[in-house]
2 protein chains.
Amino acid sequence: MIASVAKALEILNLFSTAEPCLTLTTISKRLGMHKSTAHHLLNTLLQYGFIEQQADDSYALGKTIIALTQNVLVNVELRDRAAPLLRELADTCNESVYLTVRDGDRVLYIYAIESSQRLLARTAVGDYAPLYCTAVGKAVLAFLPPEEVSRLYADRPDSLAAFTPHTLTGFRQLQDDLARSRSRGYTVDNQEHELNTFCVGAPIFDAHNAVIGACSISGLDAEIIGARLEALSSGVVYTAQQISRRMGYVPERMSMVRQNMAGK
Amino acid sequence: MIASVAKALEILNLFSTAEPCLTLTTISKRLGMHKSTAHHLLNTLLQYGFIEQQADDSYALGKTIIALTQNVLVNVELRDRAAPLLRELADTCNESVYLTVRDGDRVLYIYAIESSQRLLARTAVGDYAPLYCTAVGKAVLAFLPPEEVSRLYADRPDSLAAFTPHTLTGFRQLQDDLARSRSRGYTVDNQEHELNTFCVGAPIFDAHNAVIGACSISGLDAEIIGARLEALSSGVVYTAQQISRRMGYVPERMSMVRQNMAGK
DNA sequence: ATACACTGTTTCATATTATGAAACTTACCG
DNA sequence: CGGTAAGTTTCATAATATGAAACAGTGTAT
């Protein structure tokens, strides 16, 4: 661990949507470092465009970070392959479509095709969401080794905090939902994360047949998980499978065939 | 300048879409540093999620960078305010819509609503493009102080390199185009950056009445700058003005009124 | 089968360099 | 005009990043 690099990265992590601009003294105070040290670090970050300085001398995250995302592995390997397929899906359903990857006990939104109504808030790309109360998150959980799900949520009641009255807050309740999802092949989110938001999600697998993320259809129409569910779910599942194939995933039947052949 | 921080940032800049994964030795050789030093730096970046390690031990840019973009100043102040307006624009024209900010002699794409055909390639968000041969770039140039345009392109023939046979490669030629754009209020890109891509762009101003970026409509249909031009151009111009207002821009007539009042 | 070449990782003394106190500069407010 | 608080610069020293070398794995070739 190189201390000065760690400090520089901590500075980058200090900025938030609520506080996109920070002054030198605020930064140094928050991180408990001297003004001079913070200043040196900021100057270095400034030079490389990771930080920008405003007219009022305050500091903010620089545009370089936006440019860097084009080279992030998941964007190259997953997003760029999935984007055209997700676009097709969005065209057929007229709702927002999301692509997410698992990151520990959360899911990170890496691509979105958002309807006008959704965009009244900011785009979801770059946001994290919990696994247990979103369609995309539950799609990951449903196809994760059961012991990992237990490790995350069993005997940890605070790990299943309620976002809305619809959030599944019991481990058993969650397990049942995941079992149902597994047999159906898709997940349903009935306002479990956000009120009046209904989603259908499906898991995405990689070349090792492990879940790496999920995609979903999301919107304000309750019929998404009602009258439209059959059509929409087969759409997400198909899209997720296509994406999985592009990631090198070999569908189960084939791997069973291969197993049989290997057994002979 | 803190050397170790600079080296860490140089490591981050080493990754590209063509090479999203790099080995330790490649990194250390390219940057002329010892394996051990690179290893220490990478470990620190790893700890903070800026770098991820693959199964084959190679390194790649981490997901944290995607999450960071939500806090970048232009995304908070410009993108999030502009997104719903751009969505409306996209709905009316059925072509790709882009939002860009100026970054020196280039333009950075920070938001996009892309049509299926465009998405056969990757999303443009995070890409840079030159100012002189794109609708968005020329919209910035047209409303920049003329001396700045001269500084960038006058007596520098190599600064106007041709991307296609349609690229404006003469300074005089560019100036004429910018003058025409200024009086119309919008710019036209007739395959100047990419063959078979036609765009209409309009400038975005901030609270100091300075150009900070531009938005555009872009597509493969030649009629975008033909039969559909009148409708599309008034659409982008209107959208760009709305975005400018949200940035604190005061339309010119009002500022003239204020000047007159100040003069009394 | 064995040795070689190539990875990435760890260790450690020392030479480099980041640090923090203080002084300097600006700007703002009373 | 004087005082406070901001950012910036300087500099000696204490801290720490560095690079050599040795270690540990992997795969390849002899």
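We name chains A, B, ... by the order of the sequence lines, and we start the count at 1 in each one.
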* Can you list the steps and then say if A:Gln70 with A:Asn75 is a side-chain hydrogen bond (donor to acceptor under 3.5 Å, both in side chains)? -> CA-CA 6 Å; A:Gln70 287 286 41; A:Asn75 278 350; 5.6 Å; no
* Could you check whether A:Ile2 gets within reach of a base, just the sugar-phosphate, or nothing at all, counting any heavy atom under 4.0 Å? => sugar-phosphate
* Structure fact -> Shortest non-hydrogen pair, B:Gly201 vs B:Ala139, comes out as C-CB, 4.4 Å
Taking only side-chain N and O atoms of [X], does any of them lie within less than 4.0 angstrom of OP1 or OP2 on [N]?
X       : N      : value
A:His34 : C:dT19 : no
A:Thr23 : D:dA6  : no
A:Gln54 : D:dG7  : no

Rounded to whole Å, please give me the gap between [atom1] in [X] and [atom2] in [N].
X       : N      : atom1 : atom2 : value
A:Tyr59 : D:dA6  : OH    : C1'   : 11 Å
A:Leu46 : D:dG7  : CG    : C1'   : 13 Å
B:Asp56 : C:dT9  : CG    : P     : 11 Å
A:Asn43 : D:dT9  : CG    : P     : 7 Å
B:Asp57 : D:dT26 : CG    : C1'   : 10 Å
B:Leu42 : C:dG8  : CG    : C1'   : 11 Å
A:Met33 : C:dA21 : CE    : C1'   : 17 Å
A:Ile51 : D:dG7  : CD1   : P     : 14 Å

* Are more than 12 heavy atoms from other residues, nucleotides or ligands located less than 6.0 Å from atom CG of A:Asp155? ->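 Incorrect, the count does not exceed 12.
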* Asked: So, do A:Val140 and A:Val101 sit near enough that their side-chain heavy atoms are less than 4.5 Å apart?
  ->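 The answer is no; the side chains never approach within 4.5 Å.
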* To do: Measure from the side-chain heavy atoms of B:Gln53 and tell me the nearest of D:dT8, D:dA6, C:dT9.
  =>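 Nearest nucleotide to the side chain: C:dT9.
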* **Pair B:Arg30-B:Glu10, salt bridge (Lys or Arg N to Asp or Glu O under 4.0 Å): steps then yes or no** => CA-CA 10 Å; B:Arg30 293 243 179 107; B:Glu10 265 163 31; over 6 Å; no
* Nucleotide by nucleotide, 5' to 3', does protein get under 4.0 Å of the base (B), only the sugar-phosphate (S), or neither (-) in nucleotides 23-30 of chain C, counting heavy atoms? -> --------
* Going by an N to O cut-off under 4.0 Å, is there a salt bridge joining A:Glu77 and B:Lys63? ->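 Answer for the salt bridge query: no.
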* **Salt bridge present between A:Glu114 and B:Arg87 (N-O < 4.0 angstrom)** => no
* Asked: Hey, mind stepping through A:Asn71 and B:Ser16 against side-chain hydrogen bond (donor to acceptor under 3.5 Å, both in side chains) and telling me if it holds?
  -> CA-CA 5 Å; A:Asn71 307 325; B:Ser16 64; 5.6 Å; no
* To do: Could you check A:Ser58 against A:Ser4 and say which one's nearest nucleotide on DNA chain D is further toward the 5' end?
  => A:Ser58
* Could you say whether A:Leu22 or A:Lys7 is positioned toward the 5' end of DNA chain D, judged by the nucleotide with the nearest heavy atom to each? => A:Leu22
Nucleotide N/O to protein N/O under 3.5 Å, stretch nucleotides 11-14 of chain C:
from: C:dT11; atom 1: O4; to: B:Ser36; atom 2: OG; distance (Å): 3.4

* Asked: Without hydrogens or angle criteria, can the side chains of B:Thr23 and B:Thr26 be said to hold a donor-acceptor pair below 3.5 Å?
  -> yes
* Measure the acute angle between the ring planes of B:Tyr132 and B:Tyr153, then classify it against the limits of 30° and 60° as parallel, tilted or perpendicular. => perpendicular
